[in-house]
Visitor: 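Would you mind keeping the following structure in view while I ask a few things?
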Amino acid sequence: MLRALLSGLGWRGGIWGCTFSLWQPHLPPARLLSATELVSHWTVVFEKRGIPEARESSEYIVAHVLGAKTFQSLRPGLWTQPLTPWQLQCVQELSSYRLQRMPVQYILGEWDFQGLSLKMAPPVFIPRPETEELVEWVLEEVTQGPRVVGAQGCPLILEVGCGSGAISLSLLSKLPQSRVIAVDKGEAAICLAHENAQRYQTRRCPPPRRRRQWGRPGVGPTGLQMDSGHQASVAGQDSDHPLRCDLSYEDPLALDGGEEGMDIITHILALAPRLLKDSGIFLEVDPRHPELVGSWLQSQPDLSLNLVAVRRDFCGRPRFLHIRRCGPQHGCPVDAWPGPQPARVPG
């Protein structure tokens with residue numbers, strides 16, 4: 001492993017590190033020594049092998065070895081400056097993983113989400129770029145709507161299927177007075193989320209633990225509380241994540257939601273009336289699910305849950321759902337939210 005040796009070169013270290021193996025496929029000619037030339041070389045190699053986002057992949061890898069997050073953020077002088085033999089070898093090694101169709105996020109070992117640089121590691125599900133829009137919608141509702149607080153006088157949020165902790169940590173960073181309970185079934189996910197929480201020194205974050213069955217979550221200390229109690233992420237989503245090549249690197253349970261992808265969604269909604277203090281549930285789903293969710297809720301009137309809004313992602317696909325619990329008989333203040341509204345799909 002060359003992580004320590006490369007620290008002086010700006011190397012932050014992907015999860016796979018960088019090793020000197022005898023196998024050196026597609027090694028660029030000796031004249032290809034600059035960052036720009038390496039990007040061009042590996043773009044051609046990736047394209048020939050059918051690797052998606054070929055140029056973006058090569059730019060991320062070269063930038064990472066040179067100590068930057070993106071190629072565009074490199075100092076212009078580094079674009080044409082020759083790389084050292086050590087740096088060239090690291091680009092070679094990391095590119096070989098990409099040729100095996102490993103997602104760039106796993107190769108680099110980290111990825112940015114809502115301004116946070118989070119560690120990524122297989123088999124924990126890689127957060128979609130669209131998920132940042134879900135976070136923005138939740139923040140919009142929290143800041144514009146009446147504040148609903150927990151027992152200690154601060155907003156209480158439960159995330160089901162936290163994965164790397166991207167949603168919980170980004171909400172906590174924007175709502176520092178909130179308490180976030182992050183729940184996941186997978187041990188790898190809960191450990192990674194805890195590590196990411198420690199990276200940002202989340203206030204009094206308790207160690208991860210397992211919960212065998214669903215139940216009312218306990219109110220933990222201010223900050224992020226993690227628990228292993230449910231399926232890793234709302235399943236049934238489509239999987240066209242940029243820079244993702246082979247889903248075999250990710251936990252298949254995070255993608256398996258049953259025949260129609262509704263198994264986990266209906267399980268969450270069936271439990272929601274018992275768990276909700278507030279009337280808001282936000283879901284990121286497959287574009288075919290909004291209609292299915294609306295029909296299912298209509299068939300379950302005893303839940304007193306209404307699908308009140310559907311939003312499209314930046315690609316124009318219906319992706320996000322807002323579901324509210326209605327009626328004062330369920331403990332919701334009459335003036336906490338506007339009355340039930342028909343679901344809308346903004347264009």
Side-chain angles (χ1 to χ4, degrees), residues 131 134 137-138 140-142 144-151 155-162 167-168 171 179-185 211-219 227 229-237 253-254 256-312 318-346:
T131 305
L134 177 64
W137 192 14
V138 173
E140 177 185 315
E141 293 290 334
V142 170
Q144 294 181 359
R147 175 171 293 183
V148 180
V149 299
L156 177 62
I157 301 169
L158 168 66
E159 182 192 359
V160 178
C162 65
I167 293 177
S168 290
L171 287 174
R179 284 174 294 144
V180 180
I181 300 175
V183 180
D184 204 295
K185 182 179 180 180
R211 190 199 334 261
R212 295 300 180 183
Q213 297 180 355
W214 261 94
R216 178 176 292 277
V219 177
D227 207 346
H230 206 266
Q231 178 71 34
S233 111
V234 175
Q237 303 178 45
L253 292 178
D256 182 12
E259 185 176 352
E260 291 185 308
M262 287 282 291
D263 290 0
I264 306 305
I265 296 173
T266 55
H267 189 53
I268 291 172
L269 296 178
L271 289 165
R274 285 188 284 153
L275 297 175
L276 282 177
K277 291 179 181 288
D278 186 13
S279 57
I281 306 170
F282 294 85
L283 295 174
E284 178 182 1
V285 298
D286 185 283
R288 62 198 169 101
H289 284 154
E291 184 176 351
L292 295 175
V293 171
S295 298
W296 187 86
L297 288 175
Q298 290 178 2
S299 70
Q300 305 289 327
D302 292 344
L303 295 179
S304 296
L305 296 174
N306 289 337
L307 174 59
V308 295
V310 180
R311 282 198 177 184
R312 298 181 183 272
R319 175 74 63 185
F320 312 111
L321 309 182
H322 187 187
I323 298 168
R324 290 176 180 163
R325 186 175 61 174
C326 58
Q329 69 271 25
H330 295 281
C332 296
V334 176
D335 60 349
W337 295 99
Q341 303 171 2
R344 66 183 187 274
V345 183

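None of these values were measured; they are calculated from a predicted model. Along the sequence shown, residues are numbered consecutively beginning with 1.
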Visitor: Check the surroundings of atom CD in Q300: do more than 12 heavy atoms from other residues, nucleotides or ligands lie under 6.0 Å from it?
Guide: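 More than 12 heavy atoms, drawn from other residues, nucleotides or ligands, come within 6.0 Å of this atom.
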Visitor: Aromatic rings F320 and W137: how do their planes relate, parallel, tilted or perpendicular, breaks at 30° and 60°?
Guide: perpendicular
Visitor: Output all residues satisfying side-chain contact (heavy atoms from CB on, under 4.5 Å) with L297, sequence neighbours left out; order by chain, then residue number.
Guide: L269, V293, L305, L307, I323
Visitor: Tell me which one of L321, I167, L283 satisfies side-chain contact (heavy atoms from CB on, under 4.5 Å) with L134.
Guide: I167
Visitor: Can you tell if the side chain of E284 reaches within under 4.5 Å of the side chain of R319, non-hydrogen atoms only?
Guide: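 Side chain of E284 against side chain of R319, heavy atoms only: contact under 4.5 Å found.
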Visitor: Measure the spacing between CD1 of I281 and CG of L275 and express it to the nearest 0.5 Å.
Guide: 9.0 Å
Visitor: To the nearest 0.5 angstrom, please state how far the CD atom of E141 sits from the CZ atom of R324.
Guide: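 Here the rounded value is 6.0 Å.
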Visitor: For the pair N306 (side chain) and V308 (backbone), establish whether a donor and an acceptor sit closer than 3.5 Å, ignoring hydrogens and angles.
Guide: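 No, N306 side chain to V308 backbone: no donor-acceptor pair under 3.5 Å.
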Visitor: Where do D184 and G161 come nearest, in terms of heavy atoms and distance?
Guide: OD2-C, 3.5 Å
Visitor: Where is the tightest heavy-atom contact between V180 and S168, given as atom of each residue plus distance?
Guide: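 It is CG1-OG, 3.3 Å.
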Visitor: At their closest point, which heavy atom of P318 faces which heavy atom of V310, and how far apart are they?
Guide: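 It is CB-CG1, 4.0 Å.
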Visitor: Just by distance, do the side chain of S299 and the backbone of W296 share a donor-acceptor pair under 3.5 Å?
Guide: yes
